[in-house]
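In listed order, ligands and their atoms are each counted from 1. When reading the values below, keep in mind they use all heavy atoms of this one structure, side chains included, and skip hydrogens, waters and symmetry mates.
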Amino acid sequence: MALSPAPQSAALPPPMFTTWARVGLIIVAAGRGERLGQDKAWLPLGDRPVVAHSLAALAVAPVERAVLVVAAGRLDVGRALAARAAVPTVAVVGGARRQDSVRHGLAALGPCEWVVVHDAARPFADHALLVRALEAARATGAAVTAVPVKDTIKRVRGGRVVETLPRAELWAVQTPQVFRGELLARAHREVAVEATDDAALVEQLGVPVAVAEGAYANIKLTTPDDLVLARLLWQQRAGAVEGG
Ligand code: CTP
Ligand code: MG
């Protein structure tokens, strides 16, 4: 397949880490939260903003360093959060689309054998998800976390059902997603399609993407009802911890 080069933004940050690492992490928090109506990464969830939960969950061994990608107006608060992370972490400014933000993250992250990409808007990710994704990626160089869809999914056009898709084959794909660093960089360099996750770019290169078990609780804050659900989930978890 002929691939046209992806449009390159002039404002890629310089590498912030210059040594080699085995596992690097990129957390993208530079979206506008249009469907939720608020900058969701920075909304409070319990004692901390949403993005602080995502960073605390995944910026742990075997991750060796991390890049937090934030909106231009959040660089100071992003840097303050990065400074408190459990692994060396820097904050950089993202781009117009999610994939531009990941590209900025990759540029800052420098050379890594494996790169974990995670949406800041998924504050309930945990270490078990990270480990499953890393293990699954070993086979092909790329892995997503995902869960089987529960609803019946139909293709709809103009308010009319066009077709019913076979549910047994449908999975809701989440982050974390894990890639060989060189593969992810190549996908972002060479693939021009617009994509809502990184695996979609890697798929365009013809590289098989493995599927690791995700978690139904690993929700993405997308619409206002997700925020209600997230606060309930958080209360339940905090209560479970307090109650021993
Ligand atoms: N994201 C990003 N840079 C962008 C767009 C999205 O870093 N230009 C991040 C978001 O901050 C979020 C993740 O990608 O953590 C998943 O994207 P999504 O749920 O679509 O978030 P938003 O783009 O912020 O929301 P919306 O599409 O409703 O505007
Ligand atoms: Mg979006």
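Rounded to the nearest 0.5 Å, atoms NZ (K154) and OG1 (T164) are 3.0 Å apart. Considering CG of L43 and CZ of R48, their distance stands at 15.0 Å, rounded to 0.5 Å. Expressed to the nearest 0.5 Å, how far NE2 of H118 lies from CG of L129 amounts to 8.5 Å.
Nearest protein heavy-atom neighbour of atom 7 (O) of ligand 1: A30 N, 2.8 Å. Nearest non-hydrogen protein atom to atom 13 (C) of ligand 1 is D119 OD1, 3.3 Å. Atom 19 (O) of ligand 1 has its closest protein heavy atom at K220 NZ, 2.7 Å.
Judged as a salt bridge (Lys or Arg N to Asp or Glu O under 4.0 Å), not a single pair has a partner in residues 206-230 (not counting sequence neighbours).
For atom 20 (O) of ligand 1, the nearest non-hydrogen atom from the set H118, Q38, R35 comes from R35. When the heavy atoms of G31, A121, A71 are ranked by distance to atom 1 (N) of ligand 1, first place goes to G31.
Within the structure, the closest approach of G95 to ligand 1 falls below 4.0 Å when heavy atoms are considered. The closest approach between a heavy atom of A29 and any atom of ligand 1 is below 4.0 Å. The shortest heavy-atom distance from R122 to ligand 1 is not under 4.0 Å.
Counting atoms of ligand 1 from 1 in the listed order, those under 4.0 Å from a heavy atom of A96 are 8 (N).
At under 3.5 Å, not a single nitrogen or oxygen of L36, backbone or side chain, sits near a nitrogen or oxygen of ligand 1. Note: an N/O pair closer than 3.5 Å links E34 and ligand 1 by distance alone.
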Could you walk me through whether L25 and V67 pass side chain to side chain contact (heavy atoms under 4.5 Å, CB included), step by step? CA-CA 6 Å; L25 166 70; V67 176; over 6 Å; no

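Under 4.0 Å from ligand 1, the heavy atoms of R32 that appear belong solely to its backbone.
Of the candidates K40, Q174, R98, R98 is the only one forming a side-chain hydrogen bond (donor to acceptor under 3.5 Å, both in side chains) with D119. Checked against V149 for a side-chain contact (heavy atoms from CB on, under 4.5 Å), the options D151, I153, V147, T152 give a single hit: I153.
Taking the charged nitrogens against the carboxylate oxygens, R180 and E182 have no contact shorter than 4.0 Å, which rules out a salt bridge.
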